[in-house]
Every structure is written in C-alpha cells, then in structure tokens.
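All values reported here derive from a predicted model rather than from experimental measurement. Quick note on labels: first sequence line is chain A, next is B, and so on, each numbered from 1. For the numbers below, each heavy atom of this structure counts, side chains included, while hydrogens, waters and symmetry mates do not.
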There are 4 protein chains.
Amino acid sequence: MSVRVSTRDRVHRAVLELVAEVGVPGLTMEGVAARAGAGKQTIYRTWDSPLHVLLDALLTASQDADGRVEVPDTGDLATDLRVLVDGMVAELTDPPSDAMMRHVVALLPDRPGLGEELQERLLRPQVAAIEARFERAGVAESGPAAELLLGPVFHRWLLRTGPFSEQWIATHVRLVVQALST
Amino acid sequence: MSVRVSTRDRVHRAVLELVAEVGVPGLTMEGVAARAGAGKQTIYRTWDSPLHVLLDALLTASQDADGRVEVPDTGDLATDLRVLVDGMVAELTDPPSDAMMRHVVALLPDRPGLGEELQERLLRPQVAAIEARFERAGVAESGPAAELLLGPVFHRWLLRTGPFSEQWIATHVRLVVQALST
Amino acid sequence: MSVRVSTRDRVHRAVLELVAEVGVPGLTMEGVAARAGAGKQTIYRTWDSPLHVLLDALLTASQDADGRVEVPDTGDLATDLRVLVDGMVAELTDPPSDAMMRHVVALLPDRPGLGEELQERLLRPQVAAIEARFERAGVAESGPAAELLLGPVFHRWLLRTGPFSEQWIATHVRLVVQALST
Amino acid sequence: MSVRVSTRDRVHRAVLELVAEVGVPGLTMEGVAARAGAGKQTIYRTWDSPLHVLLDALLTASQDADGRVEVPDTGDLATDLRVLVDGMVAELTDPPSDAMMRHVVALLPDRPGLGEELQERLLRPQVAAIEARFERAGVAESGPAAELLLGPVFHRWLLRTGPFSEQWIATHVRLVVQALST
DNA sequence: GCTTAATCGAGACGGTACGTCGTGTCTTTGC
DNA sequence: GCAAAGACACGACGTACCGTCTCGATTAAGC
C-alpha cells in the first residue's frame, strides 16, 4: 500500500469509471493502468486483480462517506429494523457494489482472504447495527435473529426473485419480529 | 443442441473433469475442446462460454439423477422442512455446483437469460417442494414462507458465515415454524 | 514455414521498412507484427527473433534477385578477382545487409544454427565463385587463397579502417595474386 | 569517471561476473547495479549502456595486465609474425572479449565513438607491433601488409570458419611473407 | 567539530517489449 | 461432407528493463 496518494486516487477514479462503462468482467489490469495514466507494474505492485482494485476503491469510498452506521431506537423494533434493512438494501443495490460483491463471492472458494475483507469492511457495520438493535430489544440470540432478517434480503438480492418494495420489506420484517416475539 | 450425442457426452465429461482440476475461472473453450477431442468450432456452435458448458453438464447430470423431488409428509412440519433443507444444502455444497452457481449469479446483471435457466432447472424443484409442504400445512403465504426458510440458508452458503450443522438447521427451522404458527 | 504466402510477404516488407527507420537494435517482434498487420503469435510461430525475420527477408530478396553468381573468366586472374571482390563489397556495404550481418555475427557464440544459415545462403555463393576461379587458374589450395583474398576485405568492412576504393582493391588483389604466383 | 574508486571496481567485477553467467545480450543496467550493490543512477551517471560498462571493465583489465606489446625480433620474420598473431588470437578468443567485440562492431554503424575506443585501446597495440616488425624487415607498405596478415585472422574469428591451429597460422604467415618478399 | 550540501543506495514510477494464452473466426485436411 | 485441427488478428496476461524521479542515510567539505 505504499503507492503515492495521488496515484492511488487516480487508480480508484479509473476503476470506478471503467466498471460503469464495461462492467466487472470487462475490467482489466491493463485497462485500469491506461485509464489511470499509470504503468502496469504500479498497479500490480499494490493490487492482485481488477477485482481487488475495485474492492479497494469501493471500500475507500464508503469509508470516506459514512461516518458510522447508527443504531436507530424509536422504541418500535419493527420500525428500526426497516431502517436498517433499507440501509443494507441500498448497499446491495448500488450498481458497482452489486456487481463487485457478486464477483467477489464467486471467487470465495478460491481466494480465502478475499471474503473476510469484503465482509469485515463492507457488510459487518450493518450486521453489527442490526445485532445491537436486537440485543437492545432483549432478543436472546441476536446472531440467528440477524441471519433470519438478512437471509431473505440476500436471497432476493442474489437471485433477483423480486423487487425490494416497501411492502415486501414491511411484511418480511413483521414476520421476523413475530418469530422472535414468542 | 444438434451435436452428436456422443460428442455432447464427451464435452460434458470433459468440462466436469476440468472444473475439478482447474476450477471455474480456469475453464476455457479451448481447454474443453481439447479435452473432449473436439474442434473449437464444435463447442462454439452449441455453447456461448465455458460457464454454459458447465451449466449444461450439471443440469443434464442432475436431470438424469433425481427423478423428482418428493414432498415428504410425516405429519410434523419441522421434520419435513429439515429434510427439504438438507436436500437444498446438499445441492449448494456440491463443489462443482457450488462454484458454478456462484459464477452464474455473478453474471446475472449482465446476462438476463442465464439466471432463469439456473433457477428454473436447478433451484425450482426444491423450492416448489418446500412451498407445497407449507401449503399442505395451511400456511397462507407459502412464497414468503419459503423465502424465510431458504434466505438464511443461502446467506450462510453465500458468505460462508458458518457450517450447516445439524443443530443450526434444527434451530433455524424451528424459528421459521414459530414465525408462521401464529 | 507454414505461414500463408501473403503473410510472409507482408512481414518481409514490414521488417525491411522498419530496419530502415529504426535500425536493427530498434526492431521488435511487436513492431514487426503491428506493421505487417499480423498477430504476434503469427510472427513467433515462424521466427525466433527480429533478426531472424530480417535475415529471412534479406535472403528471400537476394534469392529472388540474383540468378547465380557467375564465375568471370577474362583470362586475367587479377581482373576477374576484382569483379568478384566488387560483388562481395556490394553485399557487405548494402546498409540493411551490413547492419544485419554485424548483429548476426554478434550472436554467433550464443546461437549455433544462426551462423550456418547466414554463411551458407548469403556468403557462400561469392566464396564459391572465388574458389572456382582460383582452381581454374591452377592455384593448389583454393580455400586458403580465398581466405587470403577475402580476409582483408572483411577486416576493412568490420572495423571500418578505410574505404573500399578502386585503388585499394586493385592493390590488394595484386598482392594476393603475387602471393600465390610463386 | 568521478565515481568512487571502490565503486568502479565493484561495477567492473560485477559486469565481468555477469557476462560470464548470462552473456552479453543478458547484461542489463539494472542487473549490473544490483550485483555491484550500487544504485542505478550511479551506473547511468558514468556509463551509457551495459556494453560500455563491459568495454570499460575489459579495457581497464587489459591496461593493468600488459605492460606493452613487445616487438619480437629473432631475425626470422615468419617466426616473429607467428608470435604476434598468437597474441592477437589470444585476445580475440578470450570469451568475454570475443563476445564484447562482436557486439561492439555490431553497433559500429549506429554509435560513431564506440569503435574508435575499441580499436584504439584494445586492437591498436597489436597492430602497431606488427607494423613495426614489417618496417624493421624493410617491407615498404607496412599498413597493407598488416592488413594482409590480420585480415584472414579476423575473417576466421568472425565467421568461425575454422580453428586457429598451429598449422593454419604457420601456413598463413608463410603465404603472407611470400606475398611481400618479391 | 558541526553543520550544510552533495552523493549514494534503494526503489517507485510511466513506459515499452517480452513471450504466452485464450478469444472467436476462417481455412485446410483427412476420414 | 463434415468435423478435427489449427492458422489467424487481436487483446490481456504477468514480468523484465528502461531511464527518470524522489526519497532518506551517509558522507565530506566548508565554516
């Protein structure tokens, strides 16, 4: 990570432009280097693949952007969970993030370290906030609870079985709350 | 689909051997052709990409293998759902299917038709069986119910957040049944 | 040597143009391919290095051009030898041949086969003609005689110690004839 | 030439080691710098190319080694010439010198200054000694005479048409002496 | 003797070329 | 008469050097 700051920035800008133009499968180290006005070695010195470049760019952008995910607490669990689910849906459906995450999980079986980074830095904050809210509500096992809440969201995102409508989210959250309230 | 039967078979065999040796990203049209003892043109005539070849091979294999997914009915909903979830887990964790499905969903945003085929022919049978069992149990919305059951399974598979232990499945199924029983 | 004829020709044309523009050290496989409108693989399939391409181009050109080197016989040995030396000088001082031969001999220690081809196909005809003329003149050892005649020519060419003036050639030939006439 | 003495020495040592390992075409500025434990800039400050480094190293070595080439005078011209030819052959066939000289002459058309240095400092002493011996023998034109003697030697060296056997040298010297004795 | 400036090593950097592999199309060849 | 074999233009791969540059650390000189 010892590349000069300006170079890193140019590369990040380049990969974000390119992914919008050609998609993730169209990204190449050569293309990124050319667009960034950098030598190929400079790219290879820091990143392993176009996907790493994109991941880094998105992580950097998201770290710059969001302060921290706040845990809302209006008193009504369902309302708060809807807010948190909305946040996750926004992340999952942002086109470059969407495509990037799909390709990252495609490579999960092959590249051990890759998944950790993705999860830790992009998904964890949202999950942690959800778990925190469950705990505050007195739910015993916040882990499985969060899984029950997020699972169908990921399922719908991954397989595109239907849209993330207001209504669907509301129904789904209601079901989950129901499952835990007994 | 007009290639000679023996050629189709040789290609299927070839791609299954290759994916075990080099993984999905290592598959190439050239490699498949060579291994199958076929000309490249023969492969290109029928399939669009190595992923299509693999998908075709796996679909063919699975259609040959399983007659149809049966809907179990022991009287106990939880028990029957566990059986159905076990079936889906088996499909998701079979190494070549696992890798192939990850790569297929990675390309979902780019190639519209691809996802339908995957879903319709590999995933649907299991889902249909689950929905059928829910309906038999008098659950009103079997669709959302199936989503609630399968979502966390896919989540755990996709992100590898934990193993599919007996215990986890049992707990998860219990939670879902609970959510729907009120 | 199985490349299509038109491709061979385009490559030959390309390398001859390029060597005139950038010199032998400036030749690259990539450059030749680009100029010829060919893929790199096509070049690599047939030739090992830019020098081989150039050598091939020059050999082809020379074979097309000269029928055969004739052995002149005016009766006067000195006169005939001057004609033959003139021929060799012309070959040695043609700019692309000049540069190419220098680079080929530079690589002689490293690449065994290279020298044979050069000698056999570019230099041999002239040498053979010289030896033939010596034999016709009754000189016993035509080999050493040819060496005595050509050695100083190569020396002057290689080290550029002086020009190939009419006068120098005449003097040199006279000395050689003298050496053999006893 | 203002690099520190120890640095010069380390560079010379480095290039001589390297040329033995990888040959002249394998020499690189980067490699020389690394082997010498010097920065690239230090090398570039003093030399223009790996060939210049090698040339400098060989010249330095030869200047340290030989006092001066002596002109032998046993009374027998042929004997003395054989001694001088032996010296030149030794220089031409020393592997690093051999390779270096071939590559230097390859670049003669492109780099004007290069050849002078080579000739002046590596070849001249031998040539001068030969000319001196001819003059002492009363040969009128010592220049052409030396060319007649050395030409075939260079020819044989350059094109590797045969070995420098005792016998060949003896025969050749005899022929030359014959040519001049009339 | 202490600083101030030059010099060195190390190596990042934008490039070009390397030699290889795979793409998708097109041509030849042998069964 | 079709399918294998593979030539072909193309583009990306990942590596090696190029020649220039920017860094600190180390000297060596000037004060």
Side-chain angles (χ1 to χ4, degrees), chain A residues 1-8 10-11 22 25-50, chain B residues 2-4 6-7 10-11 22 25-34 36-50, chain C residues 1-8 10-11 22 25-34 36-50, chain D residues 2-4 6-7 10-11 22 25-50:
Chain A
M1 292 293 184
S2 60
V3 282
R4 294 230 307 284
V5 176
S6 65
T7 301
R8 281 184 71 82
R10 271 184 296 135
V11 171
V22 296
L27 289 179
T28 66
M29 293 299 250
E30 203 143 334
V32 170
R35 177 69 64 106
K40 285 169 61 174
Q41 257 338 333
T42 302
I43 311 298
Y44 277 105
R45 207 175 296 128
T46 308
W47 297 277
D48 286 347
S49 73
Chain B
S2 60
V3 283
R4 292 225 313 285
S6 66
T7 300
R10 271 186 294 134
V11 171
V22 297
L27 289 178
T28 65
M29 293 300 250
E30 207 148 328
V32 170
K40 284 168 61 175
Q41 207 60 266
T42 305
I43 311 296
Y44 275 106
R45 206 175 297 126
T46 307
W47 297 277
D48 287 347
S49 73
Chain C
M1 290 296 183
S2 60
V3 283
R4 294 231 305 286
V5 176
S6 67
T7 301
R8 281 184 69 85
R10 272 184 295 133
V11 171
V22 297
L27 289 179
T28 65
M29 293 299 250
E30 203 143 336
V32 170
K40 285 168 61 175
Q41 249 353 325
T42 303
I43 311 298
Y44 277 106
R45 208 175 295 128
T46 308
W47 297 277
D48 285 348
S49 73
Chain D
S2 62
V3 284
R4 294 225 313 285
S6 66
T7 300
R10 270 185 297 136
V11 171
V22 296
L27 290 178
T28 66
M29 293 300 251
E30 208 147 323
V32 171
R35 176 69 64 107
K40 285 168 64 174
Q41 207 60 268
T42 305
I43 310 296
Y44 276 106
R45 206 174 297 127
T46 307
W47 297 277
D48 287 346
S49 74

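Between F:dA9 and C:Arg45, no contact under 4.0 Å exists linking OP1 or OP2 to a side-chain N or O. When the side-chain nitrogen and oxygen atoms of A:Arg8 are compared with OP1 and OP2 of E:dA12, none of them lie within a distance under 4.0 Å. Residue C:Thr42 places no side-chain N or O under 4.0 Å from the OP1 or OP2 atom of F:dA7.
Taking all atoms of both residues into account, the shortest heavy-atom contact from A:Ala33 to A:Ile43 is CB-CG1, 3.7 Å. Taking all atoms of both residues into account, the shortest heavy-atom contact from B:Thr42 to B:Ala38 is CB-CB, 4.5 Å. Minimum heavy-atom separation, B:Val22 to B:Leu27: CG2-N, 4.1 Å.
The separation between B:Ile43 atom CD1 and E:dT23 atom P is 11 Å, rounded to whole Å. Rounded to an integer number of Å, the gap from D:Asp48 CG to F:dC18 C1' is 14 Å.
For the pair D:Thr7 and D:Arg10, the minimum side-chain heavy-atom distance is below 4.5 Å.
With values rounded to the nearest 0.5 angstrom, B:Tyr44 atom OH is found 5.0 Å from B:Met29 atom CE.
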Close N/O contacts between protein and nucleotides 21-25 of chain F (under 3.5 Å):
from: F:dC21; atom 1: N4; to: D:Gln41; atom 2: NE2; distance (Å): 2.4

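Ranking F:dA4, F:dG14, E:dG19 by closeness to the C:Tyr44 side chain, first place goes to E:dG19.
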Checklist entry - Are D:Trp47 and D:Val32 close enough, and set up right, to give a side-chain contact (heavy atoms from CB on, under 4.5 Å), and what steps lead you there? => result CA-CA 11 Å; D:Trp47 297 277; D:Val32 171; over 6 Å; no
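At a non-hydrogen distance threshold of 4.0 Å, A:Gly37, A:Ala38 from residues 28-38 of chain A come into contact with DNA chain E.
Checked against side-chain contact (heavy atoms from CB on, under 4.5 Å), C:Thr28 has the following partners two or more places apart in sequence or in another chain: C:Glu30.
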